[in-house]
Novice: 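Starting off with a structure, shown below.
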Amino acid sequence: MREAEQTGHSEIVDQSRNFWNARPSTPRILATDFFARVDEVSALVIDIGTSSVRAGYAGDDTPKAVIPTTYGLLKTAPDADSAMPDATDPTQATTGASSKIYMGQFGPSVWRAGMEVSNPLNDGLIHDFEPITALMRHAVVDVMRCNPSDHPILVTEPAWNTPANRERMAEIMFEEFQVPAFYIANTGVLNAFAAGKGSALVIDVGQTMASVTPIVDGFVLRKGLVYSPLPKLVHAHARHILTNPNQQRRGIDLFPHQLVANKQQVEVGAPPRFTLREDRLKGTTDSWRNWYEAREVEEWIQSVAGVLEQGWNDQVAASRPPRQYEFPTGYNCWFAQERYSVGEQFFWHSPQLMASNPSLPKTIPALITESLRACDPELRQVLVGNVVLTGGGSLFAGFGDRLSAELARSFPHVKIHSPGNPVERRYGGWLGGSVLASLGTFHQLWISKEEWTEHGKAIVGQRCK
Amino acid sequence: MSFRDSNVIIIETGRTVIRAGLGLHDLLKPPSVEISARVGLRKSVFTNGAEANGKTNISEDPLASTSRASSLPQNGQRNAAVKDYLVGVQLDEVLATESDIAISWPFADGDIRDWTQAEALWKYVLFNQLQRRRVQNESPVLLTLPPGLSRDSHERICQIFFERFNVAGFSILERPVGQIYAANSLSGVVIDIGHEKTDITPIYDGFIVHSARTSTSVGTRDCVNYLAHLLRSNQSVMAAISPPEAPLEPNAIHSTLVELVDQVWKDGHVKVPSDGETAAAEDEGVTDIAAVIVAGKERALIESGMKKKATAKASAAEQARLREREAQDLLPVKFKGLEFDLGKERHRFCEPLFDPTLLRGKTTGDATLRSTAEMSLPLQTAVGHAVAQTEVDQRQYIWSGGLFVTGDITRHVKGIGIALQSRLAPFIVNPELQTDVQPRSMRVLNVPEYFPEYRDTGNGFAAFLGASIVAKITFNDSGGKNFVSKADYTSMGPRSVIEMAPTLL
């Protein structure tokens, strides 16, 4: 059994290699190329990350639906004023409060009085399946306008997913969405496929998690899998820089556009002159504000922050041109060295910081070292020769250059595959799924509805390695 | 294979209106066909239909649907065939005499609610209005559709056009793409103000940013209702339409006012306050004769010149009166044989677009103007938000690409774009900021002057114009891969449209 699957998988690896070698230079034509090989009914691919849920047709080069994983929850509490005589009913009081869920690009990000936001993922793993079902339904039915019962669906999972989680996912797919066939694939493997590689060292930097996954012939080398919530630390560092006062400036208010009624243009570094929407402040929940301020920080990082290519050096950092940035309040100022100190957190932590915080997430070089140490020595050279850099967090300015500089210090022949197209980088896992699900030989791996009915949950662990 | 320009057909499918035209001319012409995107079905034909379909929502009062005060109805009939549906002129005639008609608007949702009804509409446009014959159809068709339809829908549409209408070639264009092309830009935000919904579509580099597309429930209907409501406090109007000796029913008052408002804004008497656009240099005494002739406005110019001379001759008292009227901005209106003056309040027409809460709690007789006001975002919020959903590095190109306000309302009401731009200022950073990421400027797009045939239609026909431009390029390219030819369809089937229509990939 195991043998048979092995061959099945390596065939796919070969095919995906051929496919990518024959790939035309403009990715737009990709889908045209694909269709000749695909069955009549196209499969759907759903990739669930901490920041967004991606869904689309297998064979496409971009997902059709990208919606935030974070959702808004508005509890419509039972009206206290209404003098309802039967409000004494205990079930009414506790469970009677119905809540409304807001999803999609215009769900959580739209300000609503009293709306809380939350995220069903914790460290990359799904911990709350109820909203996940709703999110997937929203992506497939509302955005793609597809009927899930017509299409086989491939879902992705992080390499550290639990068996219980993937079985639950299969159950949702078969029982709630009534899909004709299902498969769950590992994002590490898929990212390698998206890069056209069967063996690779996949460095995936997401919104909350950074992971290093060695892939050998289409399989995850479990002992070499390492991950840490490093991006969270980087984000916290950036937020600290912005909100805490320093010699040059006071702490910056991160009010989002939704809470700013109007702003006036002010000189660089001058205190902002803006008025808040007082009518909204009262109804703003802490979770919403916190989430939206995190978005503002994220945008600042994307616009301004960077990392030095050759490691930290005060002189180099000082010689780089500063950048100006304006916040929604109208406050604007120049960011010089500090914008590079943000990215530095990915690669180096000061000994003081490490001493003060023993549970500090590991840096990227530490993760790579740890991962490779767990692999056989003969594999190491293959892996560092096939490094795949992926994930939205890896789009951080200068990240790729710094990574290659770090790796070059320890290994003679390093080759990093980092797609320049941000879509490929951000949705690498989805793209790999798109490649995999549209290959002819993949068909033997689908779990069909009949198999599910016959074997139950056990089939998921057997089929999806 | 290439086609003759004179055979090319463009069908523009909007939420509530379908426009079409035959032939591409050197000067691209506005659509020759314009019908409401609605179909009617005689209830008597399907007496059991209403019970069979649980969702039927037949509006008993035909006036309600023609005055379009209610949300657009949809009456699905599973067993109805294409030929059972009444469309276009036929439907208008029947509606005038019979009340036993169930009206449906198959495109009102921005999706296709009923395939038979959609087919009935397209068929009517092709074979009745444009006089094509099914047997020897040499016309390729470029169809515009709302963005974001499913792949299955596109295939099904392709199948209908080839198998039912026997077209010679077929391609699909998503409407916002056409609209932004018409404005001569590749990036920007298209704001398509419809009857009850406004679609907002950010476009980056010729491609729709689908994840940032949105629509908000404000539209022309709200503006009309709002102004009708305001007019209730205008003594002279109320005295004229509902004289004390013969007062109208409260409901009738509203519908009459709505008709009046419709007439006023369609005649172009509404301006958007605080805009720079309407202060055109027309009456500054300098006349650019060449521009006038190119625009085909010689007669209008001569007439206005005559009028000026006439007024100059009028008595001083007369002139003083005119000046006073001008200062008060009074507009004489002829409506149903009545004559009265409308004041400045007519310019408040567009206010609900920017503040839908104005409509909350306003009642017309016994019916509340709208119950969905709390769900709809003001235009500026929705637009700002839509662009904020695009990638950080795309935004400055989208903002500087421009705001393009289109939709029926822009045919007669100018300056919404400018008004919107000023309200979007918070999303733009200080123009002196040293940044290559944050948006520093924003402009307002309009259909360029060099489309002379479109000069009098504002931005209203932008989708049709854009589709004409695309059709010209698509169908003239003999080796073209941007449309489905009959041969492609025969060899690949409906799926071919997914690969051939460039915007759908």
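Within every chain, numbering begins at 1; the chains are lettered A, B, ... in the order of the sequence lines, protein sequences first and strands thereafter. Note that the structure is a prediction, hence the values are computed from the model and not measured.
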Novice: Under a 4.5 Å heavy-atom cut-off, does chain B meet the side chain of Val268(A), its backbone, both or neither?
Specialist: neither
Novice: Could you tell me whether Tyr102(A) atom OH has more than 12 heavy atoms of other residues or ligands within 6.0 Å of it?
Specialist: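 Result for OH/Tyr102(A): enclosed.
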Novice: Tell me the salt bridge (Lys or Arg N to Asp or Glu O under 4.0 Å) pairs involving residues 376-387 of chain B, sequence neighbours left out?
Specialist: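 Residue pairs passing salt bridge (Lys or Arg N to Asp or Glu O under 4.0 Å), neighbours aside: none found.
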Novice: Under 3.5 Å, side chain of Gln438(B) to main-chain N/O of Glu326(A), donor-acceptor pair present?
Specialist: yes
Novice: For the interface with chain A, which of Val429(B), Leu149(B), Thr381(B) has the highest count of heavy-atom pairs at distances below 4.5 Å?
Specialist: Val429(B)
Novice: How long is the span from the CD atom in Glu391(B) to the CG atom in Leu395(A), to the nearest 0.5 Å?
Specialist: 9.0 Å
Novice: Calculate, to the nearest 0.5 Å, the distance between atoms CG and CG belonging to Asp152(B) and Asp150(A) respectively.
Specialist: 7.0 Å
Novice: How close do Ile428(B) and Lys263(A) get, counting heavy atoms only, and between which atoms?
Specialist: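 Where Ile428(B) meets Lys263(A) most closely, the heavy atoms are O-NZ, 2.9 Å.
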Novice: So, taking the atom named OG in Ser42(A) and the one named CZ in Arg495(B), what distance separates them when rounded to the nearest 0.5 Å?
Specialist: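 These two atoms lie 5.0 Å from each other.
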Novice: Just wondering, are more than 12 heavy atoms of other shown residues or ligands nearer than 6.0 Å to CZ in Arg273(A)?
Specialist: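 It does not: Arg273(A) CZ has 12 such atoms or fewer within range.
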Novice: Heavy-atom cut-off 4.5 Å, strictly under: side chain, backbone, both or neither for Ala386(B) against chain A?
Specialist: both
Novice: Quick one: what part of Tyr325(A) sits under 4.5 Å from any heavy atom of chain B, side chain, backbone, both or neither?
Specialist: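 The answer is both parts of Tyr325(A).
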Novice: Any idea which heavy atoms bring Arg145(A) and Ser150(B) closest together, and the distance?
Specialist: O-CB, 3.1 Å
Novice: What is the minimum heavy-atom distance between Val66(A) and Ser211(B), and which atoms define it?
Specialist: O-CB, 3.7 Å
Novice: Go through it in stages, so that I can follow the logic: the residues are Lys64(A) and Arg151(B), the test is side chain to side chain contact (heavy atoms under 4.5 Å, CB included), and I'd like the CA-CA distance, side-chain angles, deciding distance and then a yes or no.
Specialist: CA-CA 10 Å; Lys64(A) 283 267 178 239; Arg151(B) 210 164 256 196; 3.8 Å; yes
Novice: Under 4.5 Å heavy-atom distance to chain B, tell me which part of Arg112(A) shows up: side chain, backbone, both or neither.
Specialist: neither
Novice: For residues 328-336 of chain A, which side-chain N or O atoms pair as donor and acceptor with protein atoms under 3.5 Å away, sequence neighbours left out?
Specialist:
from, atom 1, to, atom 2, distance (Å)
Thr329(A), OG1, Tyr331(A), N, 3.4
Asn332(A), OD1, Gln324(A), NE2, 3.0
Asn332(A), ND2, Val266(A), O, 3.4
Asn332(A), ND2, Gly330(A), O, 3.4

Novice: Output the distance between atom OH (Tyr57(A)) and atom CD1 (Ile498(B)), rounded to the nearest 0.5 Å.
Specialist: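 Going from OH on Tyr57(A) over to CD1 on Ile498(B), the span is 7.0 Å.
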Novice: Check step by step if side chain to side chain contact (heavy atoms under 4.5 Å, CB included) holds for Val110(A) and His385(B).
Specialist: CA-CA 8 Å; Val110(A) 176; His385(B) 197 83; 3.8 Å; yes
Novice: Could you please spell out the steps behind the side chain to side chain contact (heavy atoms under 4.5 Å, CB included) verdict for His210(B) and Thr62(A)?
Specialist: CA-CA 11 Å; His210(B) 278 282; Thr62(A) 44; over 6 Å; no
Novice: For Gln258(A), is it the side chain, the backbone, both or neither that has a heavy atom under 4.5 Å from a heavy atom of chain B?
Specialist: side chain
Novice: Which bit of Asp111(B) comes within less than 4.5 Å of chain A, counting heavy atoms only: side chain, backbone, both or neither?
Specialist: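 Backbone plus side chain of Asp111(B), per the 4.5 Å heavy-atom cut-off to chain A.
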Novice: For Arg395(B), is it the side chain, the backbone, both, or neither that has a heavy atom closer than 4.5 Å to a heavy atom of chain A?
Specialist: side chain
